[in-house]
Amino acid sequence: MNTVYTIIDTPLGKMTIQANQEGLLGAWFETQTTQPENLGKFDEHDPILLTAATQLSEYFCGNRNDFSLPLAAKGTPFQMQVWQALTTIPYGKTWSYQELANAVGNPKAVRAVGLANGKNPISVIVPCHRVIGKNGKLTGYAGGVERKKKLLNLEQALEE
């Protein structure tokens with residue numbers, strides 16, 4: 001299966017987005033360490049990548065609250081379950097790791113949910129940035145906590 005990628009500019013830095021015929025495989029900021037070594041072939045004309053780039057641009061301009069893209073991220077069944085639950089967190093809202101564990105039907109799996117959240121390969125589009133500590137603190141984010149804060153501010157999800 002052919003894997004393609006492109007690099008886009010966003011207000012929070014460059015993002016690499018990757019896809020195959022099934023859908024979007026990943027979206028990473030330049031400093032994220034979860035990006036695979038082999039991204040495939042550079043292709044700025046792939047229809048899935050073009051749609052993702054357009055929707056990300058609309059999001060960063062404040063004109064899009066959710067994404068409608070085919071997603072094809074690869075992970076364990078548990079990771080996939082957590083990533084699916086992330087897509088249900090509404091724009092402008094945050095959940096604690098406990099709420100995310102509850103959403104996947106495993107309230108005792110807070111740490112496992114946190115690890116799966118941290119391995120989410122599709123930043124922003126699968127909104128792992130909307131998960132915060134139970135005490136309201138911004139905890140780790142693969143793209144950097146400052147970037148997480150800016151994403152939540154864009155969505156007006158933080159109480160100042």
Side-chain angles (χ1 to χ4, degrees), residues 1-95 97 99-100 103-105 112-132 140-157:
M1 191 167 299
N2 291 339
T3 303
V4 293
Y5 77 98
T6 193
I7 299 171
I8 62 170
D9 288 312
T10 78
L12 301 181
K14 291 191 182 304
M15 280 188 92
T16 300
I17 49 178
Q18 180 191 47
N20 63 20
Q21 293 90 332
E22 293 177 15
L24 200 63
L25 295 168
W28 304 273
F29 288 105
E30 55 203 333
T31 56
Q32 286 181 259
T33 58
T34 55
Q35 181 175 301
E37 269 185 48
N38 183 3
L39 293 168
K41 180 181 164 212
F42 183 80
D43 183 351
E44 56 192 4
H45 303 292
D46 177 80
I48 293 173
L49 295 177
L50 285 171
T51 302
T54 298
Q55 290 187 18
L56 282 163
S57 177
E58 292 167 350
Y59 168 84
F60 284 113
C61 289
N63 298 326
R64 176 172 286 279
N65 294 351
D66 53 15
F67 295 88
S68 56
L69 293 160
L71 303 179
K74 306 291 185 232
T76 68
F78 181 74
Q79 288 171 333
M80 304 279 282
Q81 183 182 20
V82 170
W83 300 339
Q84 176 57 43
L86 290 171
T87 65
T88 69
I89 303 173
Y91 180 92
K93 302 288 183 202
T94 58
W95 284 6
Y97 290 95
E99 289 172 297
L100 185 56
V104 298
V113 159
L115 289 171
N117 188 59
K119 294 199 180 298
N120 168 32
I122 307 179
S123 294
V124 181
I125 296 163
V126 175
C128 55
H129 62 277
R130 294 181 188 151
V131 181
I132 61 174
Y141 178 61
V145 175
E146 270 307 304
R147 198 173 269 132
K148 179 176 188 163
K149 183 176 182 179
K150 289 177 181 176
L151 289 167
L152 292 173
N153 281 332
L154 172 72
E155 297 182 12
Q156 299 177 346

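Numbers for residues simply follow the sequence, beginning at 1. What you are looking at is a predicted structure, and each value in this text was computed from that prediction instead of being measured.
- Y91 has its side chain out of reach of D66: every pair of non-hydrogen atoms, C-beta onward, lies at least 4.5 Å apart.
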Apply the test side-chain contact (heavy atoms from CB on, under 4.5 Å) to residues T10 and V124: give CA-CA distance (whole Å), side-chain angles for both, the deciding distance (0.1 Å), then the verdict. CA-CA 11 Å; T10 78; V124 181; over 6 Å; no

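- Within 6.0 Å of the NZ atom in K93, the count of heavy atoms belonging to other residues, nucleotides or ligands does not exceed 12.
- Between the side chains of R147 and S123, not a single donor N or O lies within less than 3.5 Å of an accepting N or O.
- Side chain of N120 to backbone of V126: a donor-acceptor contact under 3.5 angstrom is found.
- Looking only at side-chain heavy atoms (C-beta outward), V131 and V113 stay at 4.5 Å or farther from each other.
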Please evaluate residues I125 and L71 with respect to the criterion side-chain contact (heavy atoms from CB on, under 4.5 Å), reporting the C-alpha separation (whole Å), side-chain torsions for both, the decisive distance (0.1 Å), and the verdict. CA-CA 9 Å; I125 296 163; L71 303 179; 4.1 Å; yes

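- The CD1 atom of I132 sits 12.0 Å away from the CG atom of L100 when rounded to the nearest 0.5 Å.
- Atom CG in L24 sits 7.0 Å away from atom CG in L49 (nearest 0.5 Å).
- Residues P70 and E22 fail the side-chain proximity criterion, which asks for heavy atoms closer than 4.5 Å.
- Partners of Q84 under the side chain to side chain donor-acceptor pair (under 3.5 Å) rule, at least two apart in sequence or in another chain, are T87.
- Legend: residues meeting side chain to side chain contact (heavy atoms under 4.5 Å, CB included) with T54, ordered by chain and number and at least two apart, are E58.
- Considering only heavy atoms from C-beta on, T88 comes within 4.5 Å of W95 through its side chain.
- Residues satisfying the salt bridge (Lys or Arg N to Asp or Glu O under 4.0 Å) test with K119, not counting sequence neighbours, are none.
- For M15 against A27, the heavy-atom pair with the smallest separation is CE-CB, 3.8 Å.
- Applying the salt bridge (Lys or Arg N to Asp or Glu O under 4.0 Å) test to E99 and every residue at least two apart in sequence or in another chain returns nothing.
- Closest approach of I48 and G23 over heavy atoms only: CD1-CA, 3.7 Å.
- Going from atom CG of L39 over to atom CD1 of I7 covers 7.5 Å, rounded to the nearest 0.5 Å.
- Across all their heavy atoms, A73 and P121 have their closest contact at CB-CG, 3.6 Å.
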Run the side-chain contact (heavy atoms from CB on, under 4.5 Å) check on D46 and T6 step by step: do they pass? CA-CA 9 Å; D46 177 80; T6 193; over 6 Å; no

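- Note on residues 67-87: pairs passing ring pair (Phe, Tyr, Trp, His ring centres under 6.0 Å), not counting sequence neighbours, are Y59-F67.
- More than 12 heavy atoms of other residues, nucleotides or ligands lie within 6.0 Å of CD in E30, so this atom counts as buried by the packing criterion.
- With respect to E155, the salt bridge (Lys or Arg N to Asp or Glu O under 4.0 Å) criterion is satisfied by exactly one of R130, K148, K150: R130.
- Listed here is the closest heavy atom pair of A85 and A103: CB-CB, 4.4 Å.
- Applying the ring pair (Phe, Tyr, Trp, His ring centres under 6.0 Å) definition to pairs two or more places apart or across chains, those involving residues 8-55 are Y5-F42.
- Here CG of L12 is found 10.0 Å from NE2 of H129. Values are rounded to the nearest 0.5 Å.
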How far apart are the C-alpha atoms of T3 and Q18, what are their side-chain angles, what is the distance that settles it, and do they pass the side-chain contact (heavy atoms from CB on, under 4.5 Å) test? CA-CA 7 Å; T3 303; Q18 180 191 47; 3.2 Å; yes

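- Between the CD atom of E146 and the CG atom of L151 there is a distance of 11.0 Å, given to the nearest 0.5 Å.
- Rounded to the nearest 0.5 angstrom, I17 CD1 and L56 CG are separated by 6.0 Å.
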